[in-house]
Amino acid sequence: MTTKIFDTPAAALQGLLFDGMTIMSGGFGLSGNPESLIPEIRAAGTKRLTVISNNAGADGFGLWMLLESRQIARMISSYVGENKLFEQQYLSGELALELNPQGTLAERIRAGGAGIPAFFTKTGVGTVVAEGKPVEEFDGVFYVRETWLRADLSIIKAWRADPSGNLMFRKTARNFNPNMATAGRITVVEAEEIVPEGAMDPDCVHTPGIYVDRIVRSTINDKRIEKLTVRPRETA
């Protein structure tokens with residue numbers, strides 16, 4: 001049996017990257033980003049990428065690295081946020097952006113993994129989101145048709161993986177990652193821990209191994225806080 005486990009992030013991506021490809025990248029804010037795989041895409045110099053991700057990282061972190069190297073030509077996302085580089089490239093016309101309501105983005109990805117080419121949603125009806133898209137009425141309410149999202153490659157971050165590719169995600173990292181694992185033609189997972197077969201309770205598996213092609217132990221596990229909010233310490 002061919003192993004799914006690779007020694008390094010670079011090896012896990014070997015032979016998968018090509019110019020003009022579409023990549024799904026997991027993560028929400030700074031949580032659950034495939035932070036070991038993204039630098040290897042930068043190092044490979046792959047160009048004209050379409051990247052599907054909720055956002056594009058933050059200054060110096062995550063997908064920001066591929067924006068900074070000008071490898072991303074188009075983003076399909078739901079939040080520009082405080083990423084100044086993302087904002088600058090979009091406003092200057094250097095970067096194409098397809099902005100989605102966050103729930104719509106998640107459902108488009110889930111639909112891609114489930115083999116559902118299109119669906120209808122109320123979100124965005126009567127706004128620029130619906131421009132150029134079919135709108136139909138159901139039970140007296142108008143809905144806009146959205147299409148699935150799929151990718152040549154999904155790169156995701158898991159907490160635990162076993163050699164078969166069964167995955168567990170921890171807390172907020174269980175965001176876009178599980179759905180993206182199903183919607184990529186090839187799915188590469190970086191995991192904080194790789195455990196033996198049978199070590200995970202089947203009831204606790206979030207993504208079955210059938211969706212996972214390659215696994216690597218993550219080499220970068222920064223636990224960053226995007227915005228730190230604290231309250232004054234109470235005095236005695």
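- No side-chain donor-acceptor contact under 3.5 Å links Q71 and T46.
- With no hydrogens or angles considered, no side-chain donor-acceptor pair links S77 and N55 at under 3.5 Å.
- The aromatic rings of F176 and F28 sit parallel, their planes meeting at an angle under 30°, below the 60° perpendicular limit.
- Side-chain atoms of N166 come within 3.5 Å of backbone atoms of G209 as a donor-acceptor pair (strictly under, hydrogens ignored).
- Taking the charged nitrogens against the carboxylate oxygens, K133 and E146 do have a contact shorter than 4.0 Å, which makes a salt bridge.
- The distance from atom CG of D213 to atom CD1 of I186, rounded to the nearest 0.5 Å, is 4.0 Å.
- We find the CD-CG distance between E193 and D162 to be 12.5 Å, quoted to the nearest 0.5 Å.
- Checked for salt-bridge contact, E94 and R70 meet the test: a charged N lies under 4.0 Å from a carboxylate O.
- Between the side chain of Q89 and the backbone N or O of L67 there is at least one donor-acceptor pair closer than 3.5 Å.
- Formation of a donor-acceptor pair under 3.5 Å by the E190 side chain with backbone atoms of I156 is not found in this model.
- Listed for the K157 side chain is no donor-acceptor partner under 3.5 Å among the backbone atoms of S25.
- Ionic pairing of E98 and R108 is present here: one or more N-O contacts between side-chain nitrogen and carboxylate oxygen are shorter than 4.0 angstrom.
- Distance alone, capped at 3.5 Å, is enough to place a donor-acceptor pair between the S36 side chain and the T219 backbone.
- Side chain of H206 to main chain of F169: a donor-acceptor pair is present (N/O by atom type, distance under 3.5 Å, no hydrogens or angles).
- For N179 (side chain) and I109 (main-chain N/O), no donor-acceptor pair under 3.5 Å exists by modelled atom type.
- Looking at heavy atoms from C-beta onward, N175 lies out of side-chain contact with N54 at the 4.5 angstrom threshold.
- Hydrophobic clustering of Ile, Leu, Val, Met, Phe, Trp and Tyr side chains at less than 4.5 Å, counting indirect connections, unites V51 with L85.
- Listed for the S154 side chain is a donor-acceptor partner under 3.5 Å among the backbone atoms of M180.
- Salt bridge annotation for E68-R42: present, with a cationic side-chain nitrogen under 4.0 angstrom from a carboxylate oxygen.
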